[in-house]
Amino acid sequence: MSNPRKTACAGGSDSVASKGTLRQLWFHHRFNVLVAAALFAASHVFVEVIGRFSAHELGAAYSTIVSACHWDCGWYLSIVDEGYYLEPKQHPKGDAANWAFFPAFPLVAKGLSLLTASQPALALVLTSKLFLFLALIAFLALVEAELGAEYRLAAGLTLAFSPYVMYAHAGYTESLYFLATALAFLFLKKERWVLAGAAGGLLSATRLVGVLFVLSYLVARLGRNWRATTSERTAFTLGLMLAPLGLALFMAYLHFRVGDALAFKHAQVAWGRLIGNPLEVLVRGFDTGGWDRYFAVLASLGLAMSLWHLARRRMSYAVFLAVVILIPLATGIQGIPRYLFWQVPFLLGIVELLGRQRLLFSLYLAFSAAFSSLFIVSWLTGRTFVI
Amino acid sequence: MMLKAQRALIVALAAFYGWVLLLVLTPNVSEEYRAYFIERSTKDWRPPRYAASLADGIDFSRPGLPSYLRSMSGVSVHEAWGRWTDARLRKAARFVFERPWSGDVCIALEASSVGPQLGKDVIIRADGNEIRFVAVSDKAQWYRVDLNLDQPSEWIEIEPTAPALPAAWDPGNTDPRSLGLGLYQLLVLPGHCREVSASSGED
C-alpha cells in the first residue's frame, strides 16, 4: 500500500515542478512569443487595411475578415459544414469532391466553430490566423536553433510580410502546414525523435506533401555519426512510424466514407491534373511566358535554395524543399509561388542569406510587402493568378 | 517501462499501416467510380441517359448513353459527329450492358479508321470469344460481325490494333489521345447478322 500522504506530496511537487517548467518555458521563449504577437498583429492590420482600401477604392467585396474566404476556403467550408462528401457533386460535370483537401485544418476549424458557436467561414479564417501566430513562434524558435538569436526578428518579418501571407488570413491550410513543418524541423534539430515524428504526423494530416517529411527524418539520421543506445534507436523508430500517421488515418477514414483510401488522389481528375515530368513542366513554363514564366522563375529559385541548403550541409531541408517543389510541379506550374513561400526551408534560406545584411534585407522586405499588397488586392478582386 | 510502451506502439503502428495498405488494395467502389476515378478509362462521369431500344443502338453523336448500357470506357469525349476510341484511356473500348448477351449476337458498327489503323485489324471481343475485321476506310462505314457466345457476357470490347497519336500522321498536332476508330453507331442485336440486317435497315 502506498502512503497517501506521500502520494499527495508527490502530486504537489509535480504540480510545482510543472509550474516551474512552464515558468522556465515562458522565460526562455517570452521574446519569441512577444515578437510573434506583435508581428501577427501587424500582419493582421496590414491585410485589414489593404482589404478596406480595396473595398473602398477598387470595389472589392471586403466587409469583414470572412470576405477573404475564397476558392479553396470554400472547399474547407464544405468539410466543416457537411463533412467529407459521400459522392462527388461539384463542378459542372459533378465529378469534384472535397476529398482532395486534408483534414487537420478543417478539423481544428470545426472544433473552434463548435467551441465559440461561430459561423464555419469565420472559424476557418480565425483558425488560419491563429496558426499564423503559432507558426511565427515556432519559426522564430527554429531560426534561433539553426542560425542564432540575432536572426529571429528578420525571420518573423519574413513570414509576417511574405508575399503570399494572404493565405494565412483567408481560411487556408498554409499556416498550419508551416507551423507543423517548423515544429518537425525544430524537434529534428534537437534530436527529439518522437516529437519530430509526431509533428510529422500532423504535417501528413495537413497536406499530402507533408508525408515527405519522412525523407528528411531519415536523411537527418544518415547525416549523423552516432552510436545510438537501444532507447535512442527505439525513439528514432517510433518517430519514423509516427510521421505518416496523419495520412494513414485519413486514408482509413476515406475507405470507410467513400470506399477508396486513395480518394484524395483520385479526386484530382476533376481538376484535370495528370502527373508529368516536372522538369518538362518547368521548361514549358519558361516558354509559355506571362504568369507561367513568373511561376517557373520562382520554382527555379526554390530548387536553387534547395542546392544552397545542400551546400550548407543541411540535407534534411535540401531534400524536403526539392521534393515539395518537384511533386506539385509534376502536376502543373500554377500555385507554385504559394507552395514555395509557405515552405520553412525556403524562408529559412532567405533569412540566412539576407537577415544580417540590413540594406539587402530592408530591400527584400519592402518588395515582399509591396508584392503582398498587390496579391491581397488581386485576391479580393478575384484575380486567379494568386491561387 | 517507457521502452516497452514505445516498442508496443511501433508494433501497433506497423500493424495499422499494414491494414491501411490492405484497404488501399481493396477499394470498395462502383464500376463507374473505378473506371472514372481509379483507372481513368472513361471521360464520362455519370453521363445523361437517353431512352433507346437495342434496335436503336448506341448513337455516339448523342451526348450520354442509351438506357440499356451500364457503362462505357476507352472512348474519348463526345463530339458532334461521334466519339474516338482512345487507347490511352484503355486499350480496347469497352461497353458494359445492363443485361448479359449469350448465343448468337450480331454486332454492327459504323466507324471510320484513322492514321496507322487504316487497313489494320479490329478485334471484337466478348468474354473469351473474339473475331477480327479489317477497318478499310477513313470514312464512316458499316461493319457487321457475328459472335457466338458460349457463356453469357455483359460486356463487349472493340480493340483497334494500331492506335496512334495524331502527331504520327499530322506532325505538330499536340492532341495527346491515342486514336484508332471514329465511332458513329453501334448495334448489338440477338441473332445472326444476315437475319438482323434484313429487318433493321441500319444502312
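Just so we're clear, the structure is a prediction, and the values are computed from it rather than from any experiment. Proteins come first, then strands; the chains are lettered A, B, ... in the order of their sequence lines, and each starts at number 1.
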**Asked** Can you find a heavy atom in the side chain of A:E87 that is under 4.5 Å from one in the side chain of B:R46?
**Response** yes
**Asked** A:V258 versus chain B, heavy atoms under 4.5 Å apart: side chain, backbone, both or neither?
**Response** both
**Message:** For a 4.5 angstrom cut-off between non-hydrogen side-chain atoms, does A:K93 reach B:Y36?
**Reply:** yes
**Message:** I need the A:L240 CG to B:I10 CD1 distance, nearest 0.5 Å.
**Reply:** 9.0 Å
**Prompt:** A:H266 and B:R40: which non-hydrogen atoms are nearest, and at how many Å?
**Reply:** O-NH2, 3.9 Å
**Message:** As an exercise: rank A:G94, A:A235, A:P244, A:A261 by heavy-atom pairs under 4.5 Å with chain B and give me the winner.
**Reply:** A:P244
**Non-hydrogen atoms of B:Y33 and A:D260 that approach each other most closely** = OH-OD2, 2.8 Å
**Contact summary for B:V29 and A:G259, nearest pair of heavy atoms** = CG1-O, 3.5 Å
**Item:** Minimal non-hydrogen separation, B:V20 against A:A252, with atom names
**Value:** CG2-CB, 4.3 Å
**Message:** Within the structure provided, determine whether A:L245 and B:F16 are in side-chain contact (heavy-atom separation under 4.5 Å).
**Reply:** yes
**Request:** Please report the closest heavy-atom contact between B:W45 and A:P88, naming both atoms and the distance.
**Result:** CZ2-CG, 3.4 Å
**Nearest-0.5 Å distance that lies between atom OG1 in B:T26 and atom NE2 in A:H255** = 5.0 Å
**Item:** Under 4.5 Å from a heavy atom of chain B, the part of A:L242 involved
**Value:** both
**Request:** Measure the NZ-CD1 distance between A:K265 and B:I38 for me, rounded to the nearest 0.5 Å.
**Result:** 9.0 Å
**Message:** Does B:L23 form a side-chain contact (heavy atoms from CB on, under 4.5 Å) with A:F256? I'd like the steps, not just the answer.
**Reply:** CA-CA 9 Å; B:L23 298 182; A:F256 290 105; 4.1 Å; yes
**Request:** Please report the shortest heavy-atom distance between A:A248 and B:Y17, naming the atom on each side.
**Result:** CB-CE2, 3.4 Å
**Item:** Reported OG-to-CD distance for the pair A:S231 and B:Q6, which is rounded to 0.5 angstrom
**Value:** 7.5 Å
**Item:** A:L238, part contacting chain B, at a heavy-atom distance under 4.5 Å
**Value:** both
**Prompt:** Can you check whether B:R7 reaches A:T234 side chain to side chain, under 4.5 Å on heavy atoms?
**Reply:** yes
